[in-house]
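Step one of this worksheet: look at the structure below.
Residue numbering restarts at 1 for every chain, and letters A, B, ... go by the order of the sequence lines.
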Amino acid sequence: MYSEKVMDHFSNPRNVGEIENASGVGTVGNAKCGDIMRIYLDIDEETKIIKDCKFKTFGCGAAVATSSMATELVKGKTIYEALQVTNKAVMEALDGLPPVKVHCSLLAEESIHAALWDYAQKNNIEIPGLSEPKNDIHEGEEDEDEE
Amino acid sequence: MYSEKVMDHFSNPRNVGEIENASGVGTVGNAKCGDIMRIYLDIDEETKIIKDCKFKTFGCGAAVATSSMATELVKGKTIYEALQVTNKAVMEALDGLPPVKVHCSLLAEESIHAALWDYAQKNNIEIPGLSEPKNDIHEGEEDEDEE
Amino acid sequence: MNKLIYLDNAATTAVKPEVFEKMKPYFMENYSNPSSVYSFAQDAKAAVDEARDTIANLIGAKSNEIYFTGGGSESDNWALISTAFAKKDKGNHIITSKIEHHAILHTCEYLEKNGFEVTYLDVDENGLISLEELEKAIRPTTILISIMFANNEIGTIEPIKEIGEIAKKHDVLFHTDAVQAFAHIPINVKDMNIDMMSVSGHKFHGPKGIGFMYLRNGVKLGAFVHGGSQERSRRAGTHNVPGIVGMAEAAVIAHKNMDENIKKESEVRDHLINRILDEIPYVRLNGDRVKRLPNNVNCCFRFVEGESLLIMLDQKGVCASSGSACTSGSLDPSHVLLAIGLPHEIAHGSLRLTLSEDTTMEDVDYVVDELKKIIERLRSMSPLYEDFVKENQQ
Amino acid sequence: MNKLIYLDNAATTAVKPEVFEKMKPYFMENYSNPSSVYSFAQDAKAAVDEARDTIANLIGAKSNEIYFTGGGSESDNWALISTAFAKKDKGNHIITSKIEHHAILHTCEYLEKNGFEVTYLDVDENGLISLEELEKAIRPTTILISIMFANNEIGTIEPIKEIGEIAKKHDVLFHTDAVQAFAHIPINVKDMNIDMMSVSGHKFHGPKGIGFMYLRNGVKLGAFVHGGSQERSRRAGTHNVPGIVGMAEAAVIAHKNMDENIKKESEVRDHLINRILDEIPYVRLNGDRVKRLPNNVNCCFRFVEGESLLIMLDQKGVCASSGSACTSGSLDPSHVLLAIGLPHEIAHGSLRLTLSEDTTMEDVDYVVDELKKIIERLRSMSPLYEDFVKENQQ
Ligand SMILES: Cc1ncc(COP(=O)(O)O)c(C=O)c1O
Ligand SMILES: Cc1ncc(COP(=O)(O)O)c(C=O)c1O
C-alpha cells in the first residue's frame, strides 16, 4: 500500500515531540475524521530560519509519514521558504501516496502554515502569501450520526 | 439417476419388436413431447391369454424400461388380468423411477390399454373396465412454437 | 467404467493442472482477504490485481473495466437487471434473441414481469440473427441490446462487431454473453464496440464459481450484489482469490495457444461432422457450418430420442449432451433448436458433442463407430422409424 | 516477515487441509457438471447432494431448504431484494438494525431508492437490539425483519430465538445474516423460527466464493440469479462443486469440534480481554461481555488511530483489523461503533482481534506485550494524548 519511504517515515518518524515555548504552534485536522497534526516551530528571531521543528500526529500511517517528512523539509529553511513547501513536495519526497491518502499531505502543508500563522500573530508580523488557516480542531467532535 | 433394474431393462430391453398380424396394437404418446410407445399383443382367442407381447418405443431411458417391464408383466396373463397392470406395478417392478419420469410409467399402462382396446374393437367384444384410450399419436406433431 | 471420452466441454471443463497449481497457495497459505491492511494480504491483493490486468489485456480493455463475479449467470443477470433499472427513465425496451442462454432469457422474463418490454429476435435456420431486423427493432425507448457471442448449443457465432456498430450508431448499450466464446475465439471489446460482456471461468479450463464482467468505462451501472466496497463498490463480497487467479491463468493459457487450438479443434470437429453426415442416414447438422465455435458439433438424428442416445453413449464411456426435453427437465426440447425451425420430434433427437483441445481423432473415430451402432439400435426400437420405413415401402 | 499471528479470522479464514483434500478431486478429476446425464457426473452430483444433506442436518433443516450461492453477500442480497419484490403487494416496510453488515445495509439503501421503507433499529451500548422496539416497529406493511445473528465487528450475539418468536407472532418473515455465527455457535433454524439465513463458506475454514441460504419450505421467494434450473430454479449457475463440497466439509469439522472450540477460544479470548483491560489504560471493550462470539475481541484505545495501530502490529507479525475510517476507505469510522454510541475519535482507535481455534495463549500474550508498547508509542506521538495529559495536570 505505502512506498518504502512512507513506511520508513512512519516507522522511524523524524522530529516527533514538543518544543517548550515554541515560536509557533499549529494544530490542524479533526479527530472526528481521524487525523490531527500539531507542528511546533522554533524560529530564529533574526534570520527567520526554522532552527527546529517537531510534530505530534494522531492519524493513519500516511498522516504520520507526511508530518515527519514535512518537518524535515522545513527545518533549516526560512519561514518564507517554508511557505513554499507544498503538499505536492511532501508527497514527492515520500515517493508518492495512495490516492485516498492525498488529503494527509494537505494536512501536513496546512499544519506548517498554521504554525507559521501562529508565529506571525504572536510577533505581529505579516508573512506574504500566508492567510489564516482553516483550523478546525475541536470542531464538531461530538457524535452526530443521525439516520 | 435410474435404478439398476431400469438400467437393465433399458440396456437389455425384453420383447422389442413387432408382431405380424397382431391381435391388438396400441400406440400412445406424442413425438412432440418426446415419448411414443407401441405395444403389439398376440392373444389366444380361446383363453384370452396374452401369448406374446412386443413393443417399440421412441423415448427416454425410462420410457424404454417401462415398456420393456410392462410387456414382461402382461405376458402370460389374460387380458382381464393385464388390465390390472397399473403404472404403479410397473414402477415397483423397476424399483422406482425418478419423479420426473413417472409419466413414462403412465404411458406404459396406457399403451397396454390401447392395444387391448384395439383387440376389443377388432373382435367386437367388451372388456369390463376398459375405456377408449386417449391416443394422441400423430396429434399436434407440427412445430407450433410461437412467442 | 474404463474408457472416458469427455465431449461435453460446453457444459464445463476440467481445471488444467497449471491452473490448479496457480490457485493452490491461495487456499491454505496466502488465504488472506486482499482488502486487508497488513502485509500478509499483499500477496493476495497483488494476485487479484495481476489477474485483473491480465484479463483486461487479453480483450483490449483497461484493468478497471474488469469486475469479478460469481459466474456467467450472475454476470448476465447483473448486465440486464442493473441496466434495466438504471435506465428505466430513458426507456423500458430491451432487445435480445430467441437463442440466448436461460441466464439471459429467464432474466428477461423477470424484467417483463417488472414492466420492461423485450423483443426476442428470430434467428435463421443456422441460428444467426438478422442485422436488419435488429436495427428495425430499435425504438426510442430501447435501452439495451443483449446478443450472445456464440451459442452454447449449436455453436453459431453471431456478428458481434456489426451488432456493436448498430448499437453505437443508435446510442444503445450492447451486452454480449461471451461465456462460450471467451478464451475460445479472439475478442476485442473496443474493436467490437462491446459495452458489457459476461464470462464464466469454468468454460475454458478455469474453476467453477467465478466469472467476470467487462464493463466499459463510462457505462453507469449500479451494483447487482450490494455490500462491501470490493470491485469499486460494484460487486460486493470477499474476493474469491483462488478462483480469480485460476480464471486468469486459464485465460492466459487459452490465449497463448488459441491459434493452434482453433486449428486443431476445427480439424477434429470437421472430421467428426463429416463422418457423422457421411455414415449415418437421416441426420442434420445444427448451427452454421462456418461461423461456428471450433469445438462444437450438434446433430439431430431422426426417429431417435436424445436421452436414450446419451445413456447408450455413456455406456460406451462417452459424455455428451442433448437438447431433448428429457435431459433438460422441462417438457419442451431446447428452445434453440426450436428457434432454428426444427419440429419438436426432431429436436428431441439432438446430440451435442463439444471438444477440448485434448480431443483426438481417435476419440472421435471411436465415438462415430459407437454412435452408428447406437443409432441403428435405437431406430430398430423406434415406432417412428417403423412408420417411416413402411411409408417409404409403399 | 517471520512471525505471523493471524487474528483476523472474522475477515476470512485459512482453508483447512482436510477441507482442501476433500475439494481437490473436483477440480481435475470429477470435474463434471453435476446436472449432466452421464454416469461420469454421478460423483459430482452425489457430492453436491451429500453436502446439502450434511448442511441441512447441522442446522435442523431439510435438504431441500438449502440453496447454494456465491457467498454471504449474495445470500443477503437475495433474501432482502427478492422478498421485497415478492411481497411488495403486501407491504413495503422492512426492519433491520443499525449494526448490520454492509451487504444488508447497502441493499436496504438500494431498496429505499426503489420505494421501500426501512426501519433501522438502534442498539444499546453493547450492540444489542431491543425486542420491545422491534415489536413496536412492526407495522401492517412490514414484510421482513432482518437482524444479524452475530455482529462481525464487536461479536455481539443478538437474541435470535426471541426475534423469531416476535416475527412469527406477527406473521412477518425473518431473515438472519448468520455469516459470523454459523459453524461458530449452535444454530437450529426450526427452534429459532428462522425463515431465511445467509451463510458464507470462508468464515469457518471453508473456501471463498461459496455460501448458502437456508430458505424455509413454504417461503415463496423468486430467484435472485435467474437462468438454469439449478437449485430448484432458485439460483442459476453451474454448481461450484469443489466450493460446495469444501464448505460442507468445513461445516462438519466445525460442528464436530464446536463445544471444544467454543471453550478453547473463549478462554483465550477472555485472557486477551483481561490482559488488555488490566494492562493498558484508557481502553474500552466493545460488544457484550457475555453474549459474544467466542473468537471476538474488540477494543478502543483512546488517543490512538486504528490504521497506525494496525501497521505497527503488522510490523510485529500480527494481522488485525480496525473500524477506523482509514482502513474502511470511507470518511467515517465503523457504523457499528458509532451505533453503540462511541464518538468518532474513539471509534477511530478501535482494534478487532478475531481468533481461530488454533490461536494459543502464547500468541495472545505476545500480542498484548507488543500492543502495550505500540499504544504507548502512538500515544507519545498523539496531540490528543498531549492535550489530555495537560488537562489532567491542571
Ligand atoms: C456479518 C457478515 N455478513 C455478510 C458478509 C459478507 O460475506 P462475503 O464477503 O463472503 O460475501 C460478511 C463478511 O464479509 C459478514 O461478516
Ligand atoms: C452462453 C452461456 N451463458 C451463460 C452460462 C451460465 O454460466 P454459469 O453456469 O457459469 O453461470 C452458460 C453456461 O452454463 C452459457 O453457456
Evaluation steps, side chain to side chain contact (heavy atoms under 4.5 Å, CB included), between C:Tyr31 and D:Lys208: CA-CA 9 Å; C:Tyr31 55 83; D:Lys208 296 173 172 63; 4.3 Å; yes
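- Of the inter-residue distances, the one linking C:Asn9 atom CG with D:Asn33 atom CG reads 11.5 Å to the nearest 0.5 angstrom.
- Interatomic distance, CD1 of C:Ile210 versus CD1 of D:Ile210, reported as 11.5 Å (0.5 Å rounding).
- Of the atoms belonging to C:Asn77, it is side-chain heavy atoms, and not backbone ones, that fall under 4.5 Å from chain D.
- Proximity to chain D (any heavy atom under 4.5 Å) is restricted, for C:Ala320, to the backbone atoms N, CA, C and O.
- Neither the backbone nor the side chain of C:Thr69 comes within contact range of chain D, judged by heavy atoms closer than 4.5 Å.
- Of all heavy-atom pairs spanning C:Phe40 and D:Cys319, the tightest one is CB-SG, 3.7 Å.
- Inter-residue side-chain proximity for D:Val37 and C:Ile311 is flagged as met; some heavy-atom pair is nearer than 4.5 Å.
- Looking at D:Leu313, neither its backbone nor its side chain comes within 4.5 Å of chain C, counting heavy atoms on both sides.
- For the pair C:Asp8 and D:Ser36, the minimum side-chain heavy-atom distance is below 4.5 Å.
- Heavy-atom pairs under 4.5 Å with chain C peak, among D:Met23, D:Lys24, D:His202, D:Glu74, at D:His202.
- Below 30°, between 30° and 60°, or above 60°: for C:Phe224 and D:Phe224 the angle between ring planes is below 30°, a parallel geometry.
- Put simply, of C:Ala103, C:Gly228, C:Ser233, the one with the most heavy-atom pairs under 4.5 Å next to chain D is C:Ala103.
- Neither the backbone nor the side chain of C:Leu80 comes within less than 4.5 Å of any heavy atom in chain D.
- Ring geometry for D:Phe20 against C:Phe27 counts as tilted: the plane angle lies between 30° and 60°, on a 0 to 90° scale.
- Across all non-hydrogen atoms, the minimal contact from C:Lys16 to D:Met28 is C-SD, 4.0 Å.
- To the nearest 0.5 Å, atom OG of residue C:Ser39 and atom CD of residue D:Gln315 are 8.5 Å apart.
- Among all heavy-atom pairs drawn from C:Gly237 and D:Ser73, the shortest one is CA-OG, 3.4 Å.
- A heavy-atom distance below 4.5 Å is found between the side chains of C:Phe85 and D:Asn114.
- With chain D as the partner, the residue from C:Leu105, C:Thr13, C:Ile104 showing the most heavy-atom pairs under 4.5 Å is C:Thr13.
- Using a 4.5 Å cut-off between heavy atoms, C:Lys113 does not touch chain D at all.
- The part of D:His239 that comes within reach of chain C is its backbone (N, CA, C, O), which places non-hydrogen atoms under 4.5 angstrom from that chain.
- Of the possible polar contacts, none joining the C:His226 side chain to the D:Thr107 backbone as a donor-acceptor pair under 3.5 Å is found.
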